[in-house]
Asks: 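I'd like to ask some things about the structure below.
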Amino acid sequence: MSKFFNPRLSGLEAYTPGEQPRDRSYIKLNTNESPYPPSKGVRKALDRKRIDGLRLYCDPTATALKEELARVYDKKSSQIFVSNGSDDILNFAFLAFGADGILFPDISYGFYEVFANLHSLPFEKVPLKSDFSIDADDYCKRNKMVVIANPNAPTGMVLPLKKIEKILKANPENVVLIDEAYVDFGGESCADLVDKYPNLLCVQTFSKSRSMAGARLGFAIASEELIADLEKIKYSTNPYDVNALTQAAGVAALQENGYYMRNCRRIIKTRNYAKKALENLGFEVLPSKANFLFAKCGQFTGLELYLLLKEKGILVRHFEKDRIKDFNRITIGSQKEMEAFIAAVEEILGA
Ligand code: PMP
């Protein structure tokens, strides 16, 4: 740290993204990307004309993109916010709505704590129950902003919409942010509840189900008032945060939504195969509605299994954290990739 660094941030522990090694080719099952490429329309949209257009600033209002999102999700454009990945939306939302403090589960997306610390906001990590489920009652009448990933990460487990409604009703004076990064893989979206609950902020991303992690595109659905607050933060940070290529790719992707939803169904099928195969090998596998499994081997610690798989050219995610040390998070790749993964695990276990 240089002597110039803001002393308020001297203790800040930054988020560690999943590794993206370039030393050899891996079967990458560590960052929840889609195994399937973007749709044909996305390729077409990124044409010569679009590249020539890069000399101009992109549309800060992202009108075409918001209109497409409004069409697909049956909302008004003014209820849609877009940003450079959903991480940016989370960051903006913590800054905008977290002044009373923030509640989130002790085992969840690691960035929540980083954003709270970045903005010096008080926060409380609420322990998941022993089966890794969320107890909605823990988040009721607490007078704090609530942030819940649904499905949760890295567990993949869902909180039913009824429980989310209970939290929304019990906290009318605070924003309840539901991070739906993985909702398209079998979860239930709260997007249709935004007209009923002005405190609900539903956040989604193109990074997982829409095969565009590298394009960086996230969106939020909420009441017009909450969206206007987020716009204020965005226009105080970087009004051009969704670049022209990504806006065009996003519009094209939404016009071929069926392709992506079919891919989600393929991933769910492969997830069911991988879950059964791991269970047959003696793993404990949590019930996942996401594009990953959270699994405990029993014979090896999470770190050992991660290293043994890496030697074999397969990357999974391991978190060296209390309660989940013995687990690994395994992204669902293509059927072929998952068969290779299972074969590698069989070899490691000597099965
Ligand atoms: N929320 C959750 C729960 C995630 O796992 C991720 C991906 N790391 C994100 C949000 C952020 O995704 P992105 O910024 O790529 O939209």
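Counting convention: from 1, in listed order, for ligands and their atoms alike. One-based numbering along the sequence shown.
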Asks: May I ask which of L217, D179, N84 has a heavy atom nearer to atom 2 (C) of ligand 1 than the others do?
Replies: D179
Asks: Whether E68 and K75 form a salt bridge (side-chain N of Lys/Arg under 4.0 Å from carboxylate O of Asp/Glu) is what I want to check.
Replies: no
Asks: Using distance alone, determine whether Y15 and ligand 1 share an N or O pair under 3.5 Å.
Replies: no
Asks: Does F206 reach ligand 1, in the sense of a heavy atom lying below 4.0 Å from it?
Replies: no
Asks: For atom 16 (O) of ligand 1, which candidate among T205, N32, V147 holds the nearest heavy atom?
Replies: T205
Asks: Identify, for atom 7 (C) of ligand 1, the protein heavy atom at the shortest distance, and state residue, atom and that distance.
Replies: K208 NZ, 2.9 Å
Asks: Under the criterion salt bridge (charged side-chain N to carboxylate O under 4.0 Å, His left out), I'd like the reasoning laid out for K276 against E279: C-alpha separation, chi angles, the key distance, then a yes or no.
Replies: CA-CA 5 Å; K276 269 204 203 98; E279 283 171 346; over 6 Å; no
Asks: What atoms of ligand 1 come within less than 4.0 Å of a heavy atom belonging to A181?
Replies: 1 (N), 2 (C)
Asks: What atoms of ligand 1 come closer than 4.0 angstrom to any heavy atom of S207?
Replies: 13 (P), 15 (O), 16 (O)
Asks: So, F206 versus F219, ring centres under 6.0 angstrom or not?
Replies: yes
Asks: Taking D241's backbone N and O only, do any of them form a donor-acceptor pair with N84's side chain (distance below 3.5 Å, no angle check)?
Replies: yes
Asks: Taking E224 first and then K76, would you say they form a salt bridge - that is, a charged N and a carboxylate O separated by under 4.0 Å?
Replies: yes
Asks: Compute whether any side-chain donor of one residue and acceptor of the other, for N32 and R317, lie under 3.5 angstrom apart.
Replies: no
Asks: For ligand 1, is there an N or O atom under 3.5 Å from any N or O atom of S86?
Replies: yes
Asks: Consider only side-chain N and O atoms of T301 and D326, and report whether a donor and an acceptor are under 3.5 Å apart.
Replies: no
Asks: Just which atoms of ligand 1 are under 4.0 Å from any heavy atom in D87?
Replies: 9 (C), 11 (C), 14 (O)
Asks: Please identify which of these residues, D179, T155, N152, meets the side-chain hydrogen bond (donor to acceptor under 3.5 Å, both in side chains) condition with S108.
Replies: N152
Asks: Specify the protein heavy atom at minimum distance from atom 8 (N) of ligand 1: its residue, its atom name, and the distance to 0.1 Å.
Replies: Y109 OH, 3.2 Å
Asks: Can you tell whether the side chains of E256 and K40 come within less than 4.0 Å, N to carboxylate O?
Replies: no
Asks: Heavy-atom contacts with G85 under 4.0 Å: which atoms of ligand 1 show up? List them by number with element.
Replies: 14 (O), 16 (O)
Asks: What residue and heavy atom of the protein are closest to atom 5 (O) of ligand 1, and at what distance?
Replies: Y182 OH, 2.7 Å
Asks: Go through ligand 1 atom by atom and flag the ones less than 4.0 Å from a non-hydrogen atom of R216.
Replies: 13 (P), 14 (O), 15 (O)
